[in-house]
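Below, read A as the first sequence line, B as the second, and so on, with proteins coming before strands; counting in each chain starts at 1. These values consider heavy atoms only, across backbone and side chains, with no hydrogens, waters or symmetry-generated copies.
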Amino acid sequence: MKIKLTFFICFLVSCTLQKSQTPEIIKQPSSYSAYLAQDEKKIKFRIDSSIVNRSVCLMPFVSPDSRHYLFYLSGYSNTICVFDINSAILKKKIQIQRMGPDGVGDIKGFEVINFDSIYITSAFRRKLYLADSSAKIISTIDYSKFEQEYFIHAASTKTFENMRIGFNKSKIYLPFYPGYDIGNYKSNLPEDIRFVADIDTLKRKAETLNIGFPNNYWKNNFYPTFFGFFIHSGNFYVNYAYDNLIAVSKDSKNWRFFEVKSKYADVKKVIDREKGLPAAYSRLVPDPYRNIFYRFVRHEQVNFTDRSYTDLIRYPHRFSIIILDKNLKIIGETLFPDDTYDPSGYFITEEGLYLSLSNPFNPAYNIDFLDFQLFNFYECEK
Amino acid sequence: MNVKSKIFLIVLLTLYSCNGSNNNKMQRSKTFEVIKHFNPDANLSEKFVVLVIPLDGCKSCIDESITLIPKVIKTPGLVIIPDRHKRRIENYINEVGIQKDLIVFDTIQLSFTNNIVDINPRIILIENEEIIYSNEIGYATIEEIQTELCML
């Protein structure tokens, strides 16, 4: 009898565990009601010879006097440009030092709190810097010295994948790439990998959020570790670049999974590196003004003999944007014209979604300008 | 092993070795195509060196590569920096103090599309129209590369 009871309890536990790992599948509508459409408005910033019209980190900021600015990391440099969006003028360059007392190494990304509070992540240093608008480092959090069971690599906060620092009560949440050694990955299961640090600066402790990659994330010798992370309206979001799932949590401990699949691209299809680049969900981005989300979809690219692998990653030939409501239900997917926009050059204002036109494969490309096109969100009546 | 099996094995080995040498020929041809594109007068029947420095490679590898530039130019040779953004190349060489006229700006990324370089810097030594040495540049390989360059 005791043995039968033990088996019954084990059976119940096993069913419960399986249930928590099954993604909650939102029934997606068969037809979509929303789309993005090009507005007449463009913004054209003239840039000088020291600025590259490509960025992995750009974000809008509204000052207390209601002026709209765009903070923009130029190319792969340590220069943060501040553009006035209203007048389309470069207002300031913040030249962050690499070495010295105000040195951060190579900038990986930044997060603007206000003009004189800019958090900076470094490419190789396991530190989080806080700088002011004169590039002076006000404070440094050296989490390499914090107690940690799981090795916290150098963090990343940038808009390219939308991996963003999060602040919640007294904690700082730092997304990081979990190392680059494929040898490590092969000896670990993807669901055991951790990539968001939970930093407690008072206790000087760095834990990790209990979220990994989906259990089928790696296959056919393809070991991607790309993801996005941010906190929005108190909820934690994880975007998986090579899976249809999005993970969401209200408390960073209990996670729900939503399947959000593109109707144009298959991110589960693996392609040989020699042939090209597979499709991926490049980023998930909240739009706080319209209470929706955008999931960018890079489509598969094969047999481009005149483009390098870097070109395919940075300037995808074709992409679409899935539009989601506040509950991550798909309400639309807009396909964009080939070789026109740089989808990693985006920012969102109360007017809408801006996308960069500074794509070297766009015939109108000009290195002296940083061009953006405004897109409006429309929802058809049901 | 009977006669048929021996013949089969010999044919297999021959095919394998031809395939290997075809790959080498293809790579040589692609490398020469890149050189001739940027320097049509390059004399590859004597000694020639190609140094390719992608700016997204490992930082220390790039730093090591720069130290080779004077020797590469003197041999003679080409120093190629492939990047879509001309400004990025300009800003970089200004920052590290390299003369602009020593560098070939590969903004069409021919070095990548012809597979003569991956993500890290690479050096290719040519003599008598053959590639006699090719290696990625890094902390572990720099001494070997400097030796090869001296012997060229």
Contacting region of [X] [heavy-atom separation from chain B under 4.5 Å]:
| X | result |
| --- | --- |
| A:T305 | backbone |
| A:T310 | side chain |
| A:L312 | neither |
| A:Y315 | side chain |

Are there over 12 heavy-atom neighbours, none belonging to [X], within less than 6.0 Å of that residue's [atom1]?
| X | atom1 | value |
| --- | --- | --- |
| A:K275 | NZ | no |
| A:Q95 | CD | yes |
| A:F124 | CZ | no |

Would a 4.5 Å heavy-atom cut-off, applied to side chains only, mark B:R87 and A:D368 as touching?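 Yes; the side chains approach each other to less than 4.5 Å.
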
How many angstroms lie between [atom1] in [X] and [atom2] in [Y], if you round to the nearest 0.5 Å?
| X | Y | atom1 | atom2 | answer |
| --- | --- | --- | --- | --- |
| A:S308 | B:N115 | OG | CG | 10.5 Å |
| A:N78 | B:E95 | CG | CD | 8.0 Å |
| A:T79 | B:N91 | OG1 | CG | 8.0 Å |

Interface moiety of [X] toward chain A, non-hydrogen atoms closer than 4.5 Å:
| X | value |
| --- | --- |
| B:D56 | side chain |
| B:K86 | neither |
| B:R88 | both |

Restricting to non-hydrogen atoms, name the atom on A:D306 and the atom on B:R84 that form the minimum distance, rounded to 0.1 Å.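 What the structure gives for the nearest pair is O-NH2, 3.5 Å.
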
In terms of heavy-atom pairs under 4.5 Å with chain A, which of B:I108, B:T113, B:N94, B:D83 leads?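 Looking at each option in turn, the highest pair count goes to B:T113.
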
Salt bridge present between B:D118 and A:R273 (N-O < 4.0 angstrom):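 A:R273 and B:D118: salt-bridged.
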
For the residue pair B:H85 and A:Y365, categorise the inter-ring angle as parallel (less than 30°), tilted (30 to 60°) or perpendicular (more than 60°).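 Perpendicular.
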
